[in-house]
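Attaching a single structure in structure tokens format; questions to follow.
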Number of protein chains: 2
Amino acid sequence: MVATIKDVAKRAGLSQATVSRALNKSGYVSQETLARVEQAAAELGYQPNWMARGLHGKSSNLIGLLVPEVMSLYDNSVIQYMTEKLHAHNYGLMLCIHNERADLDLKYLQLLHEKRVAGIIYTHPLNGDNSELVHQLAEHLPIIELNRRREAGLLDAVLADNIQGARQITRYLLGLGHRRIALIMGEDELTTGQNRLHGYQLALTEAGLPADRRLIRIGSFSRQHGEAAMHDLLDEDVAPTAILAGSNRILMGVLKTLTARNIHIPVDLSVAAFNDTEWLQIWNPPITTVDIAVEEMAHWAVDLLLKRISVPDVKPTPREYLLGTSLIIRESCRAV
Amino acid sequence: MVATIKDVAKRAGLSQATVSRALNKSGYVSQETLARVEQAAAELGYQPNWMARGLHGKSSNLIGLLVPEVMSLYDNSVIQYMTEKLHAHNYGLMLCIHNERADLDLKYLQLLHEKRVAGIIYTHPLNGDNSELVHQLAEHLPIIELNRRREAGLLDAVLADNIQGARQITRYLLGLGHRRIALIMGEDELTTGQNRLHGYQLALTEAGLPADRRLIRIGSFSRQHGEAAMHDLLDEDVAPTAILAGSNRILMGVLKTLTARNIHIPVDLSVAAFNDTEWLQIWNPPITTVDIAVEEMAHWAVDLLLKRISVPDVKPTPREYLLGTSLIIRESCRAV
DNA sequence: TTGAAAGCGATACCAG
DNA sequence: CTGGTATCGCTTTCAA
């Protein structure tokens with residue numbers, strides 16, 4: 001059996017209460033007692049049982065992170081940073097991956113509830129939503145929307161400024177002289193897709209260019225869509241001179257098609273993307289992209305969440321952090 | 001406040017004990033009572049507080065997954081599959097990422113202990129080890145080594161058969177007529193590196209080829225090493241005709257160098273790798289690689305762990321699952 | 001078949 | 001400064 005506070009108390013010749021106070025540095029304990037307790041605890045390899053702790057109506061010291069998948073540098077950084085930061089505050093991270101499926105999402109929300117997580121950092125699944133349960137949960141614990149906005153009136157959120165990002169990279173392409181810039185985008189049911197589309201259109205409008213509907217291909221954030229849309233675009237009467245791939249997956253499809261059709265970047269076609277991933281740097285040529293400040297994102301999400309946890313407020317005014325994007329210029333776009 | 005079993009009992013006009021039995025389907029409960037309890041629970045949106053549950057000396061219903069990072073298709077699949085399978089058994093997954101740092105690893109092991117996880121699925125950090133704590137923990141809970149073997153006499157393990165994998169792909173290259181096959185490998189302190197090296201040498205020996213030391217570049221599993229080693233190899237008097245990149249990161253370095261030096265795959269040089277990732281398929285040309293059965297791996301790890309948890313045995317005979325690898329032939333290697 | 005009551009491990013209040 | 005004790009939510013005997 002694992003050592004309990006009783007064992008420590010016995011070994012130190014003190015009461016549980018004193019041991020508890022000593023270990024938590026709450027209340028008054030003499031130097032000598034503290035030393036005795038610490039030694040006893042060390043000898044027994046004592047680690048407080050956190051379930052018993054949490055039972056006292058206090059927080060579970062667990063945070064739920066519910067995300068679509070964990071495949072990119074982005075995901076890795078988010079998780080990595082969050083685990084570190086949370087651990088520093090003695091929280092654990094319970095990870096759930098819903099894979100864009102609403103049914104799994106629902107299950108995981110329930111699981112997180114049962115586990116009495118102190119809060120949830122949440123990226124909605126693309127399709128379907130469990131807003132009923134989300135609303136219900138939100139009454140008991142803070143939920144922070146990460147990257148995808150859906151409950152603007154109710155929940156806090158930490159978001160990437162996708163409008164700016166899209167505008168920024170579109171402007172860059174316009175600046176290079178491109179006039180026929182195609183956008184291949186995923187689902188527009190959530191803010192990510194909507195905003196990137198919006199930013200793109202904004203930049204075009206600002207440049208006094210008409211929005212050509214045939215240059216905009218909205219489908220899913222998948223390789224398949226990227227591949228097919230790219231083929232389509234190349235088959236148009238007037239092919240675009242630059243492609244904006246709405247995500248890494250879409251980009252993969254785009255690249256696949258270009259390779260298949262023996263089209264060279266950037267001489268034949270300029271290509272730019274959203275989000276940065278390791279392989280974008282080593283691609284030949286390296287791909288220009290607009291990236292979000294992942295670490296900051298994780299930082300604010302955790303920060304905000306811990307704040308909400310420490311100062312419980314039944315009906316707080318939702319806060320929203322919008323994180324800047326940065327254009328990473330590499331070699332996949334040329335001037336025309 | 002969230003509903004407790006008391007509230008349910010009150011609402012159903014029964015005692016806590018009865019409600020508990022009804023909800024857990026343990027002991028005798030009449031049909032009618034069961035229905036009343038279930039209705040009351042549903043009305044209140046009751047979810048058992050699992051900390052209180054775990055307090056009874058029972059399992060915490062939490063599993064710790066301690067891994068180096070989460071960046072590849074491999075990691076994603078492992079986590080994805082594990083969360084699903086664990087959730088089916090009503091377990092949660094607590095994820096920790098040590099990032100190959102022994103100090104973080106230590107912290108996370110302690111955290112997992114404190115959280116009283118029911119078991120740990122563990123991939124050691126490359127450098128340094130915390131075997132003392134691991135040994136200590138192993139006395140209280142099952143730990144399964146995933147992918148990297150270190151405590152063969154003590155812990156269970158689920159491993160990829162890297163010897164076979166390396167042998168397989170080396171043979172493939174030999175079959176294509178290659179005689180100067182270079183291996184760029186990462187740290188050989190853990191089994192992954194050791195076994196891949198071993199399998200490579202095995203295949204060469206079987207083919208009656210001498211091991212040329214200058215063709216073997218052992219360093220770290222990093223892009224930098226891949227990049228530098230590739231440069232080195234090309235500067236040798238007799239350059240290799242095929243390259244075996246010991247990991248995805250190493251492969252990235254290799255590809256970077258080849259691009260920089262304008263060397264074309266596979267006409268100038270054949271390239272093969274270990275582990276599959278999405279971008280390998282869309283590379284031009286698509287990269288041949290030897291892959292492991294990730295889903296099976298996750299399956300066995302969870303299976304074994306749950307078995308160990310349900311049948312606690314202070315000193316079980318360690319079991320080891322060795323998972324087969326499969327050669328994925330694409331277009332990056334040519335016959336000479 | 002049901003209810004009362006004793007813990008599980010830690011915290012926190014109240015006396016001393 | 002320290003020790004007893006009620007308490008958290010639930011499971012689990014033991015009686016009824």
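Everything quoted here is computed from the prediction, not taken from an experiment. Order of the sequence lines fixes the chain letters, A, B, ..., with proteins taken first and strands second; residue numbering starts at 1 for each chain.
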Inset, instruction - Measure from CG on B/Asn61 to C1' on D/dT11 and round the result to the nearest Å. - result: 14 Å

Inset, instruction - Compare side-chain N and O positions of A/Arg53 against OP1 and OP2 of C/dT11 and report whether any pair is under 4.0 Å apart. - result: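 It does, given that an N or O in the side chain of A/Arg53 lies less than 4.0 Å from OP1 or OP2 of C/dT11.
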
Inset, instruction - Would you kindly give the CD-to-P distance between B/Glu114 and C/dA10, to the nearest whole Å? - result: 10 Å

Inset, instruction - Using a cut-off of strictly less than 4.0 Å, decide whether B/Thr4 has a side-chain nitrogen or oxygen near OP1 or OP2 of D/dG9. - result: no

Legend entry - Presence of salt bridge, B/Glu84 and A/Lys107, under 4.0 angstrom: no

Legend entry - Derivation of the salt bridge (Lys or Arg N to Asp or Glu O under 4.0 Å) call for A/Asp303 and A/Lys307: CA-CA 6 Å; A/Asp303 212 69; A/Lys307 212 166 280 166; 3.4 Å; yes

Legend entry - Residue closer to the 5' end of DNA chain C, B/Ala52 versus B/Leu34 (nearest nucleotide): B/Leu34

Legend entry - Donor/acceptor link under 3.5 angstrom from A/Arg21 side chain onto base of D/dG3: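 Checked by distance alone, the answer is yes.
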
Legend entry - Separation of atom CE in A/Met51 from atom P in D/dT7, rounded to whole Å: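 Whole-Å distance recorded here is 23 Å.
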
Inset, instruction - Write down the distance between CD (B/Gln16) and C1' (C/dA5), rounded to a whole number of angstrom. - result: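 So the CD-C1' distance, B/Gln16 to C/dA5, works out to 10 Å.
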
Inset, instruction - Give one of base, sugar-phosphate or nothing for B/Ser20, where a contact means two heavy atoms less than 4.0 Å apart. - result: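 Base: the residue B/Ser20, judged by heavy atoms under 4.0 Å, touches a nucleobase.
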
Legend entry - Nearest-Å distance for atom pair CG/P, residues B/Leu44 and D/dC10: 12 Å

Legend entry - 5'-most by nearest nucleotide on DNA chain C - A/Thr18 or A/Lys6: A/Lys6

Legend entry - Whole angstrom value for the distance that separates P of C/dT2 from NZ of B/Lys10: 20 Å

Inset, instruction - Name the residue closer to the 5' end of DNA chain D, choosing between A/Gly13 and A/Arg116 according to the nucleotide with the nearest heavy atom. - result: A/Gly13

Inset, instruction - Please report the shortest heavy-atom distance between B/Glu151 and B/Ser131, naming the atom on each side. - result: OE2-CB, 3.2 Å

Legend entry - Listed once per pair and sorted, the ring pair (Phe, Tyr, Trp, His ring centres under 6.0 Å) pairs that draw on residues 93-139 of chain A, sequence neighbours left out: A/Tyr108-B/His87, A/Tyr122-A/His124

Legend entry - B/Asn24 side chain near D/dT11 phosphate (N/O to OP1/OP2, under 4.0 Å): yes

Legend entry - side-chain N/O A/Thr33 vs D/dT2 OP1/OP2, d < 4.0 Å: yes

Inset, instruction - Check the distance between C/dC14's C1' and A/Tyr28's OH and give it to me in whole angstrom. - result: 15 Å

Inset, instruction - State whether A/Tyr46 places a side-chain N or O below 4.0 Å from either non-bridging phosphate oxygen (OP1 or OP2) of C/dA10. - result: yes

Legend entry - Interatomic distance, B/Leu55 CG vs D/dT7 C1' [rounded to whole Å]: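 In whole Å, D/dT7 C1' and B/Leu55 CG are 12 Å from each other.
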
Legend entry - Under-4.0 Å salt bridge between B/Lys25 and B/Glu38: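 A salt bridge is present here (some side-chain N lies under 4.0 Å from a carboxylate O).
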
